[in-house]
Amino acid sequence: MRILVVDDEEMKRLSLGRDLQAWGHDVNTCADGLEAWECIQRSLFDVVIADLKMPGMDGLELLKKIKSG
């Protein structure tokens with residue numbers, strides 16, 4: 001499964017990414033919503049895990065943008 005982890009807190013982002021990789025998933029990480037949106041434009045993901053409160057584009061904005069295409 002391809003998973004995108006989006007969180008502005010580096011330790012949380014990297015820790016979750018490592019755990020998901022250890023469970024056999026293909027994981028990409030991004031530090032904010034804008035970076036994640038750019039990543040989504042280049043690749044397809046099965047799951048996006050996003051922090052709700054981030055500078056710039058927050059998690060809810062990102063998920064709405066993904067949903068609207």
Side-chain angles (χ1 to χ4, degrees):
M1 183 173 292
R2 290 187 42 82
I3 301 174
L4 179 62
V5 176
V6 188
D7 196 320
D8 60 323
E9 294 183 44
E10 184 178 19
M11 293 304 291
K12 288 181 182 180
R13 180 178 69 245
L14 297 178
S15 177
L16 180 55
R18 278 192 301 266
D19 288 345
L20 291 168
Q21 284 179 333
W23 294 332
H25 300 290
D26 180 14
V27 179
N28 287 67
T29 62
C30 294
D32 60 47
L34 294 172
E35 182 184 347
W37 181 245
E38 291 174 6
C39 191
I40 289 166
Q41 299 304 302
R42 295 187 306 267
S43 299
L44 295 175
F45 295 92
D46 300 303
V47 175
V48 175
I49 300 171
D51 185 13
L52 293 180
K53 295 182 182 180
M54 295 182 288
M57 184 188 305
D58 67 25
L60 287 178
E61 289 177 77
L62 173 63
L63 295 176
K64 286 178 186 176
K65 193 165 183 146
I66 292 169
K67 185 176 178 180
S68 69

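- We find the NZ-CG distance between K65 and L34 to be 7.5 Å, quoted to the nearest 0.5 Å.
- Put simply, the side chain of L16 reaches to within 4.5 Å of the side chain of I49, judged on heavy atoms.
- Residue L62 holds its CG atom at 5.0 Å from CD1 of I40, rounded to the nearest 0.5 Å.
- Note that CG of D7 and CE of M54 are 7.0 Å apart. Values are rounded to the nearest 0.5 Å.
- Applying the side-chain hydrogen bond (donor to acceptor under 3.5 Å, both in side chains) test to D19 and every residue at least two apart in sequence or in another chain returns nothing.
- K12 has its side chain out of reach of V5: every pair of non-hydrogen atoms, C-beta onward, lies at least 4.5 Å apart.
- Partners of Q21 by side chain to side chain contact (heavy atoms under 4.5 Å, CB included), not counting sequence neighbours, listed by chain and number: V27.
- Although no hydrogens or angles enter the test, the distance criterion places a donor-acceptor pair under 3.5 Å between the side chain of E35 and the main chain of A31.
- Contact check for C39 versus L4: side-chain heavy atoms found under the 4.5 Å cut-off.
- With rounding to the nearest 0.5 angstrom, the CZ atom of F45 is 8.0 Å from the CG atom of D26.
- L63 CG to S68 OG: the interatomic distance, rounded to the nearest 0.5 Å, is 11.0 Å.
- Side chain of D46 to backbone of R2: a donor-acceptor contact under 3.5 angstrom is found.
- Interatomic distance, CG of L60 versus NZ of K53, reported as 10.5 Å (0.5 Å rounding).
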